[in-house]
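Here is the structure we will look at.
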Amino acid sequence: MAPAFEPVPLPKDTETQTETPHDTPDTVNNDAQVDYKSRVTVVGSGNWGSVAAKLIASNTPKLNSFHEEVRMWVFEETLQCGEKLTDVINRTNENVKYLPGIKLGKNVIADPDLENAVKDANMLVFVTPHQFMEGICKRLVGKVRGDAEAISLIKGMEVKMEGPCMISTLISEQLGINCSVLMGANIANEIAVEKFSEATVGYRDKREIAEQWVRLFSTPYFVVTPVQDVEGVELCGTLKNVVAIAAGFVDGLDMGNNTKAAIMRIGLREMIAFSKLLFSSVRDSTFFESCGVADVITTCLGGRNRKVADAFAKNGGKRSFDELEAEMLQGQKLQGVSTAREVYEVLSHRGWLELFPLFATVHEICVGRLPPSAIVEHSEQKPKLPLFYSTS
Ligand SMILES: NC(=O)c1ccc[n+]([C@@H]2O[C@H](COP(=O)([O-])OP(=O)(O)OC[C@H]3O[C@@H](n4cnc5c(N)ncnc54)[C@H](O)[C@@H]3O)[C@@H](O)[C@H]2O)c1
Ligand SMILES: O=P(O)(O)OC[C@H](O)CO
């Protein structure tokens, strides 16, 4: 059966380009030959990191302005068989731990040496769990090319003394490079088997860079739309993980579809309000892109945060998230629990706790101060939030 969507054709200058690529000359090697081609490195090799590498590696051989090789930094570990994960990926072309059964593409080269992995790249794709990014950025200061462009696929944020810091800002400020974001309704295992989905690239002001990222990621089954709203796109990806935890509680308590839909609606409303209170530049339309309402839906139906929160509620909150995560995800990481804590810190610090009952309650449940059933009792409080979007 034909798909119910129209795949967006890739821009013309991609697959058939024969003239000098539009990229600016970037590297001068020892023989004084100018390397006009871009080099891509993916920093991260978990479930989504591996799929991101696969998507990109399916495109670089067709794009004349890119080297075919896609380097992928691996946080090295020794597998039960005694072999290093990197060696197994390079031997089998599969990430047997985080994405088993999927060939990544022979042009994906796993590299356990972070500095070596990034040193030649002028397009850096960051895709690790957000809690590791501060340490990774510290290790990369002064090690990346000055002309590099970055994109973050990381759903999460840091909270510092000065306030919340988005991961793209952390990357930009620490490494001195521009950073776009890619978020969306993107359960990695589904994209790995090439089921259709959409994503959103958020960019600051360089439209041509956003288009380059779109070319690098787009396939007929992965349709990417650029929007000029980095903060809006990134906050959608970050905050939906808190809503997913709430939805998991509802599922674990068998409260039914209507309750779950209500929690998703209240969650989306808090996402919009929180984003706009932090950044007045955030656009209403961003919430209707893949990164917004579509990601709320997919993550509350099929994500890992939902799944583990469901188990947490079924156990009456008696088994911790850390324990359940280790048992159920085998090395993969949840983002929603730590994001709920980070959001709670921002809410407390700014005196906004009463404005965001769902976000606040998710954290209180995660740390055991409230029972899972509080998700409905507390979140349904009459919203004290002004409407931050037009309903007309
Ligand atoms: N998996 C998905 O479906 C999906 C989809 C969209 C976005 N994301 C986002 O992508 C980001 C990365 O998630 P993922 O699914 O690729 O990872 P993951 O949860 O599958 O895997 C965890 C990764 O963390 C690495 N790791 C463990 N300890 C580390 C350390 N100390 N330092 C650095 N790395 C360490 C592991 O090696 C592994 O690669 C997250 O922000 C997530 O929200 C995930
Ligand atoms: O599995 P989760 O809960 O980390 O969610 C995965 C993706 O972010 C869904 O878009």
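We count ligands from 1, going down the list as the structure has it; atoms in each ligand are counted the same way. Quick caveat: nothing in here was measured; it's all calculated off a predicted structure.
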Among non-hydrogen protein atoms, atom 19 (O) of ligand 1 lies closest to Lys333 N, 2.7 Å
Between the side chains of His67 and Asp35, is a donor N or O closer than 3.5 angstrom to an acceptor N or O? yes
Please could you name the atoms of ligand 1 that Thr128 approaches to less than 4.0 Å, counting only its heavy atoms? 11 (C), 12 (C), 40 (C), 41 (O)
Taking only non-hydrogen atoms of Leu153 and a 4.0 Å limit, the atoms of ligand 1 in range are 7 (C), 9 (C), 10 (O)
Is the backbone N or O of Gly101 less than 3.5 Å from a side-chain atom of Glu94, with the two atoms forming a donor-acceptor pair by type? yes
For atom 36 (C) of ligand 1, what's the nearest protein heavy-atom neighbour? Residue, atom name and distance, please. Tyr98 OH, 3.4 Å
Please determine if Lys155 has a nitrogen or oxygen closer than 3.5 Å to a nitrogen or oxygen of ligand 1. yes
Relative to the heavy atoms of Gly49, which atoms of ligand 1 are at a distance of less than 4.0 Å? 16 (O)
As an exercise, identify every atom of ligand 2 less than 4.0 angstrom from a heavy atom of Gly184. 10 (O)
Looking at atom 20 (O) of ligand 1, what's its closest protein heavy atom, distance included? Asn47 N, 2.8 Å
Within 4.0 Å of some non-hydrogen atom of Ile187, the atoms of ligand 1 are 3 (O)
min-distance protein heavy atom vs atom 5 (C) of ligand 1 -> Asn186 O, 2.9 Å
Any side-chain to backbone donor/acceptor pair from Lys155 onto Gly184? Under 3.5 Å, distance only. yes
Which of the numbered atoms in ligand 2 are below 4.0 angstrom from a heavy atom of Lys155? 7 (C), 8 (O), 9 (C), 10 (O)
Within the 4.0 Å heavy-atom shell around Asn305, which atoms of ligand 2 are there? 2 (P), 3 (O), 4 (O)
Check the pair Lys276 / Asp284 against salt bridge (Lys or Arg N to Asp or Glu O under 4.0 Å), numbers first and verdict last. CA-CA 9 Å; Lys276 292 197 159 204; Asp284 290 346; 2.2 Å; yes
Verdict with supporting geometry, Phe279 and Asp229, side chain to side chain contact (heavy atoms under 4.5 Å, CB included): CA-CA 10 Å; Phe279 298 98; Asp229 183 4; over 6 Å; no
Shortest non-hydrogen contact from Gly156 to Thr238? N-OG1, 3.1 Å
Which residue and atom name correspond to the protein heavy atom nearest atom 2 (P) of ligand 2, and how close is it? Arg304 N, 3.4 Å
For ligand 1, which atoms sit closer than 4.0 Å to a heavy atom of Glu77? 37 (O)
In the protein, which heavy atom is nearest to atom 13 (O) of ligand 1, and how far is it? Arg304 NH2, 4.3 Å
For Pro129, take its heavy atoms, then give the atoms of ligand 1 lying under 4.0 Å from any of them. 12 (C), 22 (C), 23 (C), 24 (O)
For Thr299, atoms of ligand 2 separated by under 4.0 Å from a heavy atom: 3 (O), 5 (O)
How far is atom 8 (N) of ligand 1 from the closest protein heavy atom, and which atom is that? Trp48 CD1, 3.3 Å
Scanning both residues in full, the closest heavy-atom pair of Ala110 with Ile89 reads CB-CG2, 3.8 Å
Ser45 heavy atoms within 4.0 Å reach ligand 1 at atoms 39 (O)
In terms of heavy-atom contacts, Cys179 and Ser168 come closest through CB-O, 3.6 Å
Which heavy atom of Lys260 sits nearest a heavy atom of Ala247, and at what distance? CE-CB, 4.0 Å
Considering only heavy atoms, which of Lys240, Arg306, Gln335 lies nearest to atom 5 (O) of ligand 2? Lys240
Which ligand 2 atoms are under 4.0 Å away from a heavy-atom of Asp295? 9 (C), 10 (O)
With the side chain counted from C-beta on, respond yes when Lys206 and Gln212 share a heavy-atom pair under 4.5 Å apart, and no when they do not. no
Side chains of Phe126 and Leu170 in contact at under 4.5 Å (non-hydrogen atoms): no
Are Arg369 and Tyr344 in a cation-pi contact, defined as NZ or CZ under 6.0 Å from the six-membered ring centre and within 45° of the axis? yes
For Thr298, is at least one N or O under 3.5 Å away from an N or O on ligand 2? no
Between Lys54 and Glu194, is there a side-chain N and carboxylate O pair less than 4.0 Å apart? yes
Starting from atom 3 (O) of ligand 1, which protein heavy atom do you reach first, and at what distance in Å? Ala188 N, 2.8 Å
State, yes or no, whether a side-chain contact exists between Ile171 and Met133 at a heavy-atom distance under 4.5 Å. yes
Nearest non-hydrogen protein atom to atom 43 (O) of ligand 1, with distance, is Gln335 CG, 3.3 Å
Do any heavy atoms of Gly331 fall under 4.0 Å from ligand 1? yes
So, do Val201 and Phe217 sit near enough that their side-chain heavy atoms are less than 4.5 Å apart? no
With nothing but distance in play, are any N or O atoms of His130 less than 3.5 Å from an N or O of ligand 1? no
Per-atom contacts of ligand 1 with Ile154, taking only distances under 4.0 Å to non-hydrogen atoms: 41 (O)
Qualifying residue for side chain to side chain contact (heavy atoms under 4.5 Å, CB included) with Cys291, from Val227, Val296, Leu235, Thr200: Thr200
